[in-house]
Every structure is written in structure tokens, then in C-alpha cells.
Amino acid sequence: VYVSIDKSGTLFINKLRIELQDLKGKVINLTNKNKNLVVLNADKNISHGYVISVLDVLRSIDGLKLAISTKSKD
């Protein structure tokens, strides 16, 4: 499952736009004990506070494994 935040602060799950208040329920519906990895991608210009808010929601889901995707500078 991929959670992304674009440069305008819009939140997506697997390229489908969602609202922050819907994030936990949507992730729970898409994951289970065998498929429990969520990868978070965020635009570098998004505020640290918003990214932490998203992380806090994701960390509140029992059994979820979380990865943060980074891109190296060319």
C-alpha cells in the first residue's frame, strides 16, 4: 500500500485521493496480517508537521509495517 503526499499537500492511497480523517480506515481495509506494509512518499516541500500527522495516523494501526521512501538527488 502506498500513501503519498504531493507538493500541494494532497493525500493519496495508491494514487486515489483521500482526506486525512479517512486514512486509518482506508489503510485498515487495504491491509491484513500478510499484507501489512505501507510505504509513505512525501514531496520534499511539504511541512514536517503534516508528514508527522500522517505518520501518527499510520503508527496507530496495530501490526502495520511502515517504510518511508526517499529519492536521492541526481
Side-chain angles (χ1 to χ4, degrees):
V1 175
Y2 293 92
V3 174
S4 303
I5 309 168
D6 71 8
K7 64 183 176 183
S8 66
T10 304
L11 188 62
F12 298 87
I13 290 182
N14 297 336
K15 299 185 181 182
L16 299 174
R17 184 176 184 205
I18 62 157
E19 298 297 323
L20 182 60
Q21 64 267 19
D22 300 325
L23 179 61
K24 184 173 183 175
K26 298 274 187 186
V27 170
I28 288 171
N29 288 336
L30 292 171
T31 58
N32 59 46
K33 67 179 182 176
N34 297 318
K35 181 181 163 189
N36 63 349
L37 176 65
V38 171
V39 178
L40 176 62
N41 299 291
D43 186 273
K44 68 179 181 177
N45 295 317
I46 293 302
S47 78
H48 181 74
Y50 187 64
V51 174
I52 295 301
S53 295
V54 172
L55 281 170
D56 286 345
V57 170
L58 295 172
R59 288 188 320 201
S60 73
I61 301 170
D62 289 335
L64 192 71
K65 293 181 181 178
L66 184 58
I68 299 173
S69 177
T70 61
K71 293 182 181 177
S72 61
K73 293 183 178 183
D74 295 324

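Atoms considered below: every heavy atom in the structure, side chains included; atoms not considered: hydrogens, waters and symmetry mates.
- Inter-residue side-chain proximity for Val38 and Ile13 is flagged as unmet; no heavy-atom pair is nearer than 4.5 Å.
- Side-chain heavy atoms closer than 4.5 Å link hydrophobic residues (I, L, V, M, F, W, Y) into clusters, and following such links, possibly through other members, connects Ile52 to Leu40.
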Derivation of the side chain to side chain contact (heavy atoms under 4.5 Å, CB included) call for Asn14 and Leu30:
CA-CA 10 Å; Asn14 297 336; Leu30 292 171; 4.0 Å; yes

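- Taken to the nearest 0.5 Å, the CG atom of Leu16 stands 10.5 Å off from the OG atom of Ser4.
- When hydrophobic clusters are built by joining Ile, Leu, Val, Met, Phe, Trp and Tyr residues whose side-chain heavy atoms come closer than 4.5 Å, directly or via intermediates, Ile18 is not grouped with Tyr2.
- At a threshold of 4.5 Å between side-chain heavy atoms, the hydrophobic network of Ile, Leu, Val, Met, Phe, Trp and Tyr places Leu23 and Leu66 in one connected group.
- Checking side-chain atoms of Asn36 against main-chain N and O of Leu64 turns up no donor-acceptor pair under 3.5 Å.
- Residues Leu37 and Val54 are members of separate hydrophobic clusters, defined by side-chain heavy-atom contacts under 4.5 angstrom among Ile, Leu, Val, Met, Phe, Trp and Tyr.
- Heavy-atom minimum distance, Lys35 versus Val1: CE-CG2, 4.4 Å.
- Contact record, Thr10 with Arg17: CG2-NE, 3.2 Å, taken as the closest heavy-atom pair.
- By the rule that hydrophobic residues join a cluster once side-chain heavy atoms approach within less than 4.5 Å of another member, Ile28 and Leu20 end up as members of one cluster.
- Asn32 and Asn34 get closest at one heavy-atom pair: OD1-N, 2.8 Å.
- For the atom pair CD1 of Ile46 and CG of Asn41, the computed distance is 12.5 Å after rounding to the nearest 0.5 Å.
- Screening residues 47-59 for salt bridge (Lys or Arg N to Asp or Glu O under 4.0 Å), with sequence neighbours left out, gives Asp56-Arg59.
- Here the closest heavy-atom approach between residue Ile5 and residue Tyr50 is recorded as CG2-CE2, 3.7 Å.
- A heavy-atom distance below 4.5 Å is not found between the side chains of Asp43 and Asp6.
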